[in-house]
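For reference, the structure discussed in these notes is given below.
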Amino acid sequence: MICRRVMSVFVYCILSVWNNGIYAQEQALGLLPEVQKTIPVQEGKSHYAMCLGCHSPGYNRTGPKHCGVFGRLAGSQEGYQYSEALITSLLRWNRHTLDLFLEAPTKIVPGTSMTFAGISDAGVRAQLIDYLATLAPGHKDCE
Amino acid sequence: MSKLFSQQVPAPSTSTLEVPSRRSFFRSGGQLTLSAMALTMLSGLNAKVATASDKQTMIDIQIINTAIAAEHEAVAAYQLGAESGLLSTPILNVAVQFQGHHKEHIDALTKAVKSLGAEAVDPLAKYLFPVEKLKSETDVLTFAASLERGAVSAYAGAIPLFEQRELSKAAASILADEAMHWAVLRQALGLDPVPGAFFS
């Protein structure tokens with residue numbers, strides 16, 4: 001029992017540190033969907049209300065859907081018409097690039113059609129990214 | 001024009017707006033005043049465009065077109081709600097009225113984009129909505145409320161980006177309208193209509 005709790009705190013700490021790094025390697029290891037589910041994402045999900053004017057996790061709207069966004073090349077969601085600017089940005093979405101983009105989309109990708117000033121609070125961005133990272137196929141918000 | 005848009009539900013007569021609880025404020029001619037105001041704000045832009053650089057004008061055009069895309073979606077979403085058969089008459093009347101506001105936003109924003117020398121984006125041929133999840137009036141209201149809440153953020157996020165302050169002002173007047181929609185929908189859902197002091 002105690003052992004299990006210590007273990008989960010340990011895992012959580014490891015993940016928190018890990019989260020601050022860049023995610024390409026995790027993606028390569030194929031660990032991402034599993035580990036991400038263990039991070040509390042309620043706050044991130046509530047911040048996602050800010051995005052719901054243009055996005056939904058499971059389907060393309062004014063903005064592209066977010067399910068599977070983590071690890072994906074920017075501008076690569078099928079069936080969505082992206083701006084040239086985002087496609088040619090050649091960004092790959094990981095914690096770092098999402099953080100930069102969400103802080104000031106039009107500064108990081110001049111010409112993007114995500115004409116949204118951005119989120120200045122780094123904590124809010126981090127929580128949003130935690131939530132985005134859980135949006136893998138199979139997540140109930142992706143149905 | 002998609003099929004979705006071909007059948008518009010009839011406009012409500014103001015006398016049938018009897019949504020439970022404090023709803024009287026949307027009986028007023030508020031929406032008329034709003035769009036008239038927005039148009040006044042948007043007029044006279046041509047003179048200023050001359051001073052804006054092409055790049056800055058392009059940014060303004062892009063912001064407005066993203067807003068138009070979202071407004072088209074809102075019109076389609078209300079159409080879906082109105083045709084769902086799930087809404088009681090008073091709620092249906094509110095939905096149709098709000099849909100009318102979104103159409104007025106599109107008109108005003110289209111004029112603005114044209115005054116900047118560009119064309120407005122067309123509505124999509126088809127909108128993907130989570131229809132299978134809309135099984136009751138509450139579901140439809142919750143869905144509409146989430147779109148209106150999102151629209152408030154979308155305008156709040158756009159306002160600081162406009163090169164021309166007149167456009168920020170016009171966008172703020174639309175934001176105010178969408179925030180009212182959100183509050184009314186929350187009230188109809190039995191939720192606190194204004195759940196906080198700040199929204200971004």
Side-chain angles (χ1 to χ4, degrees), chain A residues 43-67 77-87 101-125 127-128 131 135 139-143, chain B residues 55-56 58-74 76-77 102 121-133 142-163 167-168 171 174-175 178-179 181-182 195-196 199-200:
Chain A
E43 293 88 349
K45 190 171 169 167
S46 67
H47 298 315
Y48 195 75
M50 284 188 274
C51 321
L52 282 173
C54 300
H55 293 279
S56 281
Y59 57 103
N60 290 333
R61 292 176 46 203
T62 303
K65 70 176 184 182
H66 281 143
C67 288
Q77 173 61 50
E78 251 178 64
Y80 180 83
Q81 216 181 340
Y82 290 94
S83 67
E84 269 305 302
L86 190 65
I87 295 170
F101 184 67
L102 293 178
E103 185 177 9
T106 56
K107 290 214 175 83
I108 295 300
V109 183
T112 178
S113 49
M114 177 156 152
T115 45
F116 183 73
I119 300 163
S120 49
D121 186 324
V124 171
R125 290 199 304 277
Q127 288 171 336
L128 254 171
Y131 174 63
L135 294 175
H139 189 290
K140 74 171 173 34
D141 294 348
C142 294
E143 282 162 13
Chain B
K55 198 173 153 222
Q56 286 158 338
M58 287 307 289
I59 293 171
D60 284 353
I61 291 167
Q62 191 142 40
I63 303 168
I64 302 172
N65 262 330
T66 296
I68 293 176
E71 293 282 358
H72 276 306
E73 188 202 45
H102 289 289
V121 288
D122 288 325
L124 297 182
K126 193 170 182 294
Y127 288 90
L128 294 168
F129 292 121
V131 232
E132 65 291 344
K133 289 187 189 144
T142 305
F143 172 60
S146 78
L147 295 187
E148 297 284 8
R149 162 70 182 94
V152 170
S153 291
Y155 280 103
I159 286 169
L161 297 177
F162 281 115
E163 172 60 25
L167 289 171
S168 297
I174 297 178
L175 183 155
E178 314 224 340
H181 292 176
W182 184 44
F199 295 94
S200 57

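In this text, all values refer to a predicted model and were calculated from it rather than measured experimentally. Just so we're on the same page: letters track the sequence lines, and every chain starts at 1.
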With chain A as the partner, which of Ala67(B), Ala69(B), Ala156(B), Pro130(B) has the greatest number of non-hydrogen pairs under 4.5 Å?
Pro130(B)

Please list, chain by chain and in numerical order, all residues satisfying ring-ring contact (aromatic ring centres under 6.0 Å, His included) with Tyr155(B), sequence neighbours excluded.
none

Measure Thr106(A) against the heavy atoms of chain B and call it side chain, backbone, both or neither at under 4.5 Å.
side chain

Can you find a pair of side-chain heavy atoms, one from Lys65(A) and one from Leu128(B), that are under 4.5 Å apart?
no

May I ask you to name which of Gly150(B), Pro160(B), Ala158(B), Ala74(B) has the most heavy-atom pairs under 4.5 Å with chain A?
Gly150(B)

The interface call for Ala70(B) against chain A, heavy-atom contacts under 4.5 Å, is both

Nearest heavy-atom neighbours spanning Ser153(B) and Phe116(A):
O-CE1, 3.5 Å

At what distance, to the nearest 0.5 angstrom, does CG of Asp60(B) lie from OG1 of Thr115(A)?
10.0 Å

For residues 48-56 of chain A, give me every residue with a non-hydrogen atom less than 4.5 Å from any non-hydrogen atom of chain B.
Ala49(A), Met50(A), Leu52(A), Gly53(A), Cys54(A)

Among the options Asn60(A), Ile119(A), Thr112(A), pick out the one with the most heavy-atom pairs lying under 4.5 Å from chain B.
Thr112(A)

A quick test of your reading: do over 12 heavy atoms of other residues, nucleotides or ligands sit less than 6.0 Å from CD of Glu78(A)?
no

Do you know which of Arg61(A), His47(A), Met114(A) has the most heavy-atom pairs with chain B at a distance under 4.5 angstrom?
Arg61(A)

Heavy-atom distances under 4.5 Å only: say whether Phe143(B) touches chain A with side chain, backbone, both or neither.
side chain

